Structure formats: C-alpha cells, structure tokens
Amino acid sequence: MPLLMTVDVTFGDCDPAGIVFYPNIFRWMDAGFQKLLRPLGGHQKLCRELDSLGLGLADAQAQFRSTIRDGDQLELHVSVAKWSARSVTLGYEGRVGDRLAFEGREVRCLFKRGEDGIVAGDMNAFRERLEKAE
C-alpha cells in the first residue's frame, strides 16, 4: 500500500485518556483523500472538469487496532479497493512504525445535479485521471 502522508500526533489530537480521539481518524482519512487529489489539481478543479458538485463521502468505517498517542508519527497508507460505475472504495491503513493502528474504508461517489435532484455520476472519467496520476 503506498504511503500517502504522515501525521505528527500532538496532545490536541488526544482525549483526556491520552489516546487519539477517534473522529481524528476520519479527519485524517479525509485529508489523505484530498491529498490524493492534489496531483489532479485538487478537489474543486477536478469537480469543475468533471462537471460535478463533489466527490462526496457515501460511507466510512474504521476499525481501531491499537492506540495512537501524543508524540507518535502516524503513517497513512491508501489503496483503491474497488471501482464500480458509480463509486470508488478506498482502503486506508494507519501505522505507527510496524504496528497497525487502524484500518479504514471510504466509499466515494461523484455527485452531479440530475433532473430529480443530486445523483451519483459515472466514475470513469475520475478513474482515468486518477490512474494517470499514479
């Protein structure tokens, strides 16, 4: 799994027990996704090019495997687990050294305006751009 980013964990990321407050895991996964889009010009530019409202989050999960504490350096790894016509599923691993700290998953859709409101659009153009950037 390629390394996407590192996070220097600080006291402000932790709860009173001194371990990372769980919403930060989801924040870091989202930050990792946004970083994945940077070589494509970033989220806003990509959405303009794809005539979409956004690459929105449809589902997110995380399994916490070991504690992350103040002073740890977290490595966030990402991979594409599955493409479908209307979504992409991303797999995340958070590691502190050799230790697995969490595993996560996000399902993202390309949202567009449709006749009946907001709909999930075709992911092929996004897939092509992302694969070229790798």
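Just so we're clear, the structure is a prediction, and the values are computed from it rather than from any experiment. Below, each value reflects all heavy atoms present in this structure, side chains not excepted, and no hydrogens, waters or symmetry copies.
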- Indicate, with yes or no, if Val107 and Val88 share a hydrophobic cluster defined by side-chain heavy-atom contacts under 4.5 Å among Ile, Leu, Val, Met, Phe, Trp and Tyr. no

- Task: To the nearest 0.5 angstrom, please state how far the CG atom of Leu46 sits from the CG atom of Leu130.
- Result: 9.0 Å

- salt bridge (charged side-chain N to carboxylate O under 4.0 Å, His left out) filter on Arg86, not counting sequence neighbours, yields none

- Query: Which heavy-atom pair separates Phe26 from Phe64 by the least distance, and what is that distance?
  - Reply: CE1-CZ, 4.5 Å

- Can any side-chain N or O of Lys112 pair as donor or acceptor with the backbone N or O of Leu50 at less than 3.5 Å? yes

- Message: If hydrophobic residues (ILVMFWY) are linked whenever their side-chain heavy atoms come closer than 4.5 Å, directly or via other members, who joins Ile19 in its cluster?
- Response: none

- Item | Spacing of Ser87 atom OG and Phe126 atom CZ [to the nearest 0.5 Å] | 11.5 Å

- Item | Test item: Asp13 side-chain N/O and Thr10 main-chain N/O as donor-acceptor pair under 3.5 Å | yes

- Message: In the structure I gave you, are the side-chain heavy atoms of Ile68 and Phe102 within less than 4.5 Å of one another anywhere?
- Response: yes

- Message: Distance check, rounded to the nearest 0.5 Å: Arg65 atom CZ versus Arg95 atom CZ?
- Response: 11.0 Å

- Task: Output the distance between atom CZ (Arg27) and atom OH (Tyr22), rounded to the nearest 0.5 Å.
- Result: 14.0 Å

- Message: What verdict does the salt bridge (Lys or Arg N to Asp or Glu O under 4.0 Å) test give for Glu128 and Lys132, after you've listed the backbone C-alpha separation in whole Å, the side-chain angles of each residue and the deciding distance to 0.1 Å?
- Response: CA-CA 6 Å; Glu128 290 170 8; Lys132 282 182 187 177; 5.8 Å; no

- Less than 4.5 Å apart, any side-chain heavy atom of Glu93 and any of Leu100? yes

- If you take all heavy atoms of Asp30 and Glu106, which pair is closest and at what distance? N-OE2, 3.9 Å

- Which atom pair, heavy atoms only, marks the closest approach of Gly54 to Cys47? CA-SG, 3.4 Å

- Task: Calculate, to the nearest 0.5 Å, the distance between atoms OG and CG belonging to Ser84 and Asp122 respectively.
- Result: 9.5 Å

- Determine, using the 4.5 Å side-chain heavy-atom cutoff (strictly less than), whether Phe111 and Leu40 are members of one ILVMFWY cluster. no

- Quick check: are there more than 12 heavy atoms from other residues, nucleotides or ligands sitting under 6.0 Å from CD of Gln44? no

- Message: With no hydrogens and no angle check, just 3.5 Å: does a side-chain donor-acceptor pair link Asn124 and Arg127?
- Response: no

- Query: Side-chain contact, heavy-atom cut-off 4.5 Å: Leu90 with Arg105?
  - Reply: no

- Applying side chain to side chain contact (heavy atoms under 4.5 Å, CB included), name anything that partners Ser66, two or more places apart in sequence or on another chain. Arg99, Ala101

- Task: Grab the two heavy atoms, one from Pro39 and one from Lys35, that are nearest each other, plus how far apart they are.
- Result: CD-O, 3.6 Å

- Quick one: closest heavy-atom pair of Cys14 and Asp70, and the distance? SG-N, 3.6 Å

- Task: Look at the side-chain heavy atoms of Ile, Leu, Val, Met, Phe, Trp and Tyr, link any pair under 4.5 Å apart, and say whether Val7 and Phe21 land in one connected group.
- Result: yes

- Would you say Val80 and Met29 are hydrophobically clustered, going by side-chain heavy atoms of ILVMFWY under 4.5 Å? yes

- Query: Which heavy-atom pair separates Leu4 from Phe33 by the least distance, and what is that distance?
  - Reply: CD2-N, 4.3 Å

- Task: Report the distance from atom OG1 of Thr6 to atom CH2 of Trp28, rounding to the nearest 0.5 Å.
- Result: 11.5 Å

- Query: Between His43 (side chain) and Gln34 (backbone), is there a donor-acceptor pair under 3.5 Å?
  - Reply: no

- Query: Is it true that a side-chain atom of Asp72 and a backbone atom of Leu74 form a donor plus acceptor pair closer than 3.5 Å?
  - Reply: no

